[in-house]
Engineer: 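Before anything else, here's the structure in question.
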Protein chains: 2
Amino acid sequence: MPLLVQKYGGTSVGTVERIQAVAKRVAAERARGHDMVVVVSAMSGETNRLLAMARAIHPNAPPREVDVLLATGEQVTIALLSMALEELGCPAKSYTGAQVHIRTDNVHGRARITAIDDGRVRQDLASGRVVVIAGFQGVDEEGNITTLGRGGSDTTAVAMAAALKADECQIYTDVDGVYTTDPRVCPQARRLERITVEEMLELASLGAKVLQIRSVEFAGKYRVPLRVLSSFDDGPGTLITYEESKMEQALISGIAFSRDEAKLTIKGVPDEPGVAYRIVGDVAHANINVDMIIQNVGADKTTDFTFTVPRGDYRQAREILEKTAVALKAREVRGDERIAKISVVGVGMRSHAGIASTMFRVLGEEGINIQMISTSEIKISVVVEEKYLELAVRALHSAFGLDAETATVVPLA
Amino acid sequence: MPLLVQKYGGTSVGTVERIQAVAKRVAAERARGHDMVVVVSAMSGETNRLLAMARAIHPNAPPREVDVLLATGEQVTIALLSMALEELGCPAKSYTGAQVHIRTDNVHGRARITAIDDGRVRQDLASGRVVVIAGFQGVDEEGNITTLGRGGSDTTAVAMAAALKADECQIYTDVDGVYTTDPRVCPQARRLERITVEEMLELASLGAKVLQIRSVEFAGKYRVPLRVLSSFDDGPGTLITYEESKMEQALISGIAFSRDEAKLTIKGVPDEPGVAYRIVGDVAHANINVDMIIQNVGADKTTDFTFTVPRGDYRQAREILEKTAVALKAREVRGDERIAKISVVGVGMRSHAGIASTMFRVLGEEGINIQMISTSEIKISVVVEEKYLELAVRALHSAFGLDAETATVVPLA
């Protein structure tokens, strides 16, 4: 019998009524002849309620106890969903992360799954039950409860699907799939029928927050067929694939962008080995994420060095850089918080030249100056003035043939 | 180091502030040089909140899933209390019932503890930690979460104390001890310094709902020194003992009563073997608890038969009895819902004659007619008209020398 793993997030199970709706959807798939494993999150709002109590007691609560506390959230949901399924005449059994032996390391708050024992689940499925599993949580070697951190329920679902060799892992969320870009910025955005895992990773890391990166990485590693769907609308969603289609494929799958960027330039540093490390290293040691890095060829045995950081870390990064500048006897430090990063993503660009030149031409025609450029095998990113973001996204969306024939406006996240 | 097991009920941990107050009390005992194990219930109101959601989903939810749901209540409390202890600089570690291996049978909703593995707890105590344990819950052989039913947290505390051979098991509640009778009925009631476990059992089963019977039985079986105290006032509470004091002891320890009684009489049934079974059996098969049973000596080869049932089951019991009466060709069925049961309890009566006669004389002097009498080794119970309840309790309390010198009015439960 084909096996589906479905995952429902906090919004999808946010009330008793929504839990009943999820039960109906699951029971219907079961009736269609699928073996069903369902992974659920805490009811929306519950995690915040619990954390508020914790914070009132301890400003910096021990992570082990925070995990004990938060794990109750999904435990409530698995019990209620199992009851709702039983009420529909659909035999069901719930498991906490510990009960289903989702073994993790002992890094509380962001544990990583190391092993899953699928014996119990297979036994329940064989006896005709729907298996309901608490997402986001596991258990370490010593029996301590752990949580997987943000998006952990997605990871649980993908890991279960991998362990059970499920036919498909369906992530139900409040959006109906992955879009070519954010429909709030570009009304012509359309839902992708399919996307490769590499494209998904590039889009996810660039701001399309449909799925957590870790779960997509996990899915890629174990080749789990992954589908993103809406729990509020019917529709096929977006399938994440691992092989490039043999059919002709669009060059570009989507356009990602981020406003959460700031740019820092240090000018006139010595053009000699070790300087790049000095500059980036000092910032990175402060736990600031350095994204794009560009070193221009300089003159007079000096060079200029530009990199981007998250906008919230701009001030701190600038202070660090001023100190580095003094130490390196650099000419000056400049910064700009009003920038945006725009990326075109697509596995198609591997075999097609000219994507970059098209991108630069389109932006030039719109009078948009490109401040930085960075490329990877399936992605080209540029930094532009923030005020051009919407114009640039729409122009590129159209130029790369992504526009929907009829506009669909669904918020992305 | 002396080891204390303390148990705090739902009211004692009902808010963040109360959890912090419990932490202070625990940390103070720790500072006084005690090894501390703390057993807690769900925050008051939490169990009802969870059950309301369950009922909205399934009128008769599967007991396994109800247990999964309810067990989250104590899990929240153990995490918060451990955080509160850590915040006070008192190292603490929480355990769910499953984590500390409180092994039970698989009767969901009213499981019985079969074994406890004390290894982890001893290890934590040895390393200087306070151990915080979720009451009310355990785990069966297959790893399913179970709950122990009403008062289960008391049972958890006593079982932990027995397993760890604790020096004392302290049950913190919202009353400051066991009273000679209910102070709301008799303002002269006073707190007992100590009471034997047998007396406690009789008083508990007769309506002094300070401790659950099962936990007292458990304490008696393993001879766990048990103390009932208030978490809101300081004070020594009441110690439950296992040996009769060598000092002179009051004949009577307390006076229990219950309004939750109704009386049924079947008249003129054949005075022959098997009849009692027919009458009581039919009622008991309907899961109605039959309490006092009296068979009067009859005439004409017939006899009369009277018994009491919980008042809520009166109508159903009467219907059953009417049918039995037809089958047995009995003369008539009579019933009375307006009765009360009053019991005097005390191990002292074992060695002293005359308790019964004193009791009957006192009631007679007050003009109170006794409808039924039943006796055990340390208890004499009578049934009287309900309207005489307060008068009877006060008269007996005084006659048996239980009155406090100064009145203390603290509600019993």
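Chain letters run A, B, ... following the sequence lines, proteins first and then strands; every chain starts at 1.
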Engineer: Tabulate, in ascending numerical order, the residues of residues 59-89 of chain B having at least one heavy atom closer than 4.5 Å to a heavy atom of chain A, or enter 'none'.
Structural biologist: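 Near chain A, by residue number: B:Pro59, B:Ala61, B:Pro62, B:Arg64, B:Glu65, B:Val66, B:Val68, B:Leu69, B:Ala71, B:Thr72, B:Gln75, B:Val76, B:Ile78, B:Ala79, B:Leu80, B:Ser82, B:Met83, B:Ala84, B:Glu86, B:Glu87.
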
Engineer: Are there residues of residues 118-135 of chain B whose heavy atoms fall under 4.5 Å of chain A's heavy atoms? If so, which?
Structural biologist: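 Expected list: B:Arg120.
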
Engineer: For chain B, which residues of residues 93-109 of chain A have at least one non-hydrogen atom nearer than 4.5 Å to it?
Structural biologist: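 Near chain B, by residue number: A:Lys93, A:Ser94, A:Tyr95, A:Thr96, A:Gln99.
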
Engineer: What parts of residues 43-54 of chain B touch chain A if we use heavy atoms and a cut-off under 4.5 Å?
Structural biologist: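 Within residues 43-54 of chain B, the residues under 4.5 Å from chain A are B:Met43, B:Glu46, B:Arg49, B:Leu50, B:Met53, B:Ala54.
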
Engineer: So for A:Ala23, is it side chain, backbone, both, or neither that comes closer than 4.5 Å to the heavy atoms of chain B?
Structural biologist: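 For A:Ala23, neither part sits under 4.5 Å from chain B.
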
Engineer: Is the CZ atom of A:Arg112 crowded by more than 12 outside heavy atoms at less than 6.0 Å?
Structural biologist: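 Incorrect, the count does not exceed 12.
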
Engineer: Step through the shown structure and confirm whether more than 12 heavy atoms of other residues, nucleotides or ligands are within 6.0 Å of CZ on B:Arg18.
Structural biologist: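 Count over threshold, so yes.
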
Engineer: Does atom CZ (B:Arg25) have a neighbourhood of more than 12 heavy atoms from anything else shown, all under 6.0 Å?
Structural biologist: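 Enclosed.
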
